[in-house]
Amino acid sequence: MPALADIQAAVRDALVSGDRTAAARMLSGGAHPERRLAIHQRHYAASLTRALLDRFPATVWLVGSELVTDAARSFIREQPPSKPCIAEYGDCFPQHLGAHPAAAALPYLSQFAELEWHLGRLALATDDSPNVHYLHLDWSLDELLGVYLADSAPDEFALRHDDVWLEVRGLRGTLEMHRLAMDDFLERASGRPTGARR
Amino acid sequence: MAITSDARLRLAERTGIGLRLPHIAEVVATRPPVGWLEIHPENFLANPHGLELLTDLARDYPMSVHTVGISIGSADGIDRTHLTRLRELVDHLNPALVSGHLAWSFHGGHYLNDLLPLPYTDETLRVVAAHLADVQDALGREYVIENPSTYVSLADSTMTEIEFLHALVDLTGCRLLCDVSNVYLSGRNMGYDPYDFIDTFPAAAVAELHLGGFTPEEDEATPGATLLVDTHAQAVAEPSWQLYAHAIRRFGTQPTLIEWDNDLPTLDVLAGEAAKADRLRGYSHEGCHAGTC
């Protein structure tokens, strides 16, 4: 009789990598019980892909769902969740997305997604929780994200390759982005307990 | 640490609904006529604003906390950090019930975001019993265990699910959440009579009942056959309602919750499902509104 740990390792491998070989020997139920694992395999992949797409709607708006979905699928395989709060899953997705082959011509994509990650987190903030974050951007991505947030559709948008020293604030669904002078940014970013990684 | 009889009685009078984030603003604004609210705490651990709204609702509605990430059957053990976060939330909300699933979702450092099947063996019994004690100690209150939805079983199980539940109750004294829809769909999927399952379920241990929608899907293991999948994406099906009527004849009036987590309906539709369960238990809605009956 296989140990519980061995059973769970085999099922985990089936879900994460798709390899049902080990799990098949341990299952019963129907003529081909290992095929019933497909329900759990589908749920694992679909639920986490959906969670990432829902977490990065502006990024989907910018580059389309096909690229983001493909990056999500590889992200789930390579960096599956390590904790049960799925709302916190995906903080490393911007970097993974930026490394996707289809993003080679989009050098700003990773930073755009990272900005969106922090906006999504800060939109849920209250007075008593971390509600400000500081980001340095290499492009005018705050203006680009502003187009998305305003639901506007300009005929043209010129993304500028600029140093942007950005303060982002959130409170109960409202968001503010403020450009700062570099010195002011560095002082505020070093002195404030934002709870953020940067 | 036991559920107070007063808190359980308040839950038992009227059916509750699962409170999901897309509905929360409307529930705050309109205070729908339902008996209580159940949350998945993992939706609020990184959502301070959501927790503020929940705190407001907790003044008018009894609350239940239904965990999805504890992984009580995990051979790797329980995530202590997650338990600490849950304790903080539970202490803040003071729910009438805290519950979770007889399942596992964590192994080898990976959280698999699903409720996965356990073999029903002596080893699993020891693991679940030990983790149950840890969880109750960490949360400072009783933790009620829910029967799973089943699509595949483990070949080396030495007990049936019913035998395992009886053994778990005998060993730990725990209470059980009987998900009636899970009983129906698991019986269909695994080839047993759901009414027999209800008739042999540890009745004295029942603390709560759940009802939720399921979705038929093709059974890849048996071409041409259908599996019922616990999607919580539809209204409660008629066979589940019939099984629920049978269950309350056996278990008596128990706190009942309508689960609807995906493809959410309007709040009116959800409240309508709760009202249907109320009628089955013989509860009259005349003169009642939010949280006052």
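Keep in mind that the numbers below use all heavy atoms, side chains included, and drop hydrogens, waters and symmetry copies. Nothing here was measured: the structure is a model prediction, and the numbers come from that model.
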Discussion item. For A:A14, is there any backbone N or O sitting under 3.5 Å from a side-chain donor or acceptor partner on A:Q41?
Written reply: yes
Fill in: Residue B:H82 versus chain A: region with a heavy atom under 4.5 Å
side chain
Item to complete: Select one option (side chain, backbone, both, neither) describing which atoms of B:T121 are under 4.5 Å from chain A's heavy atoms.
Response: side chain
Response to the item:
Whatever's closer than 4.5 Å to a heavy atom in chain B on A:L15 counts as side chain
Worksheet, complete the sentence: Interface check, chain A: of B:H40, B:R85, B:H49, B:E42, most non-hydrogen pairs under 4.5 Å belong to B:H49
Worksheet item: In terms of ring plane angle, is the pair A:F93 and A:F75 parallel, tilted or perpendicular, where the classes change at 30° and 60°?
Response: perpendicular
Discussion item. Counting only non-hydrogen atoms closer than 4.5 Å, does B:D79 touch chain A with its backbone (N, CA, C, O), its side chain (CB onward), both, or neither?
Written reply: side chain
Worksheet item: Heavy-atom distance under 4.5 Å to chain A: side chain of B:L118, backbone, both or neither?
Response: side chain
Worksheet item: Using the ring of each side chain (for Trp, its six-membered ring), is B:H210 parallel, tilted or perpendicular to B:H66, with breaks at 30° and 60°?
Response: perpendicular
Item to complete: Go through the atoms of A:A9 and report whether side chain, backbone, both or neither lie under 4.5 Å from a heavy atom of chain B.
Response: both
Worksheet item: Which region of B:V68, side chain (C-beta onward) or backbone (N, CA, C, O), has a non-hydrogen atom less than 4.5 Å from a non-hydrogen atom of chain A, or is it both or neither?
Response: neither
Item to complete: Go through B:R87 and B:D137 one step at a time and tell me if the salt bridge (Lys or Arg N to Asp or Glu O under 4.0 Å) criterion holds.
Response: CA-CA 10 Å; B:R87 174 66 187 256; B:D137 185 55; over 6 Å; no
Fill in: Verdict with reasoning, B:R80 to B:D134, per salt bridge (Lys or Arg N to Asp or Glu O under 4.0 Å)
CA-CA 9 Å; B:R80 296 281 169 182; B:D134 289 344; 3.1 Å; yes
Practice prompt. Can you tell which part of B:T67 gets under 4.5 Å to a heavy atom of chain A, answering side chain, backbone, both or neither?
Written response: neither
Fill in: Any donor-acceptor N/O pair, A:R36 side chain to B:A221 backbone, under 3.5 Å
no
Item to complete: Answer with side chain, backbone, both or neither: which region of A:S129 has an atom nearer than 4.5 Å to a non-hydrogen atom of chain B?
Response: side chain
Item to complete: Could you look at B:L115 and say if it's the side chain, the backbone, both or neither that has a heavy atom under 4.5 Å from chain A?
Response: backbone
Worksheet item: Checking heavy atoms, do the side chain of A:R42, its backbone, both or neither come under 4.5 Å from chain B?
Response: side chain
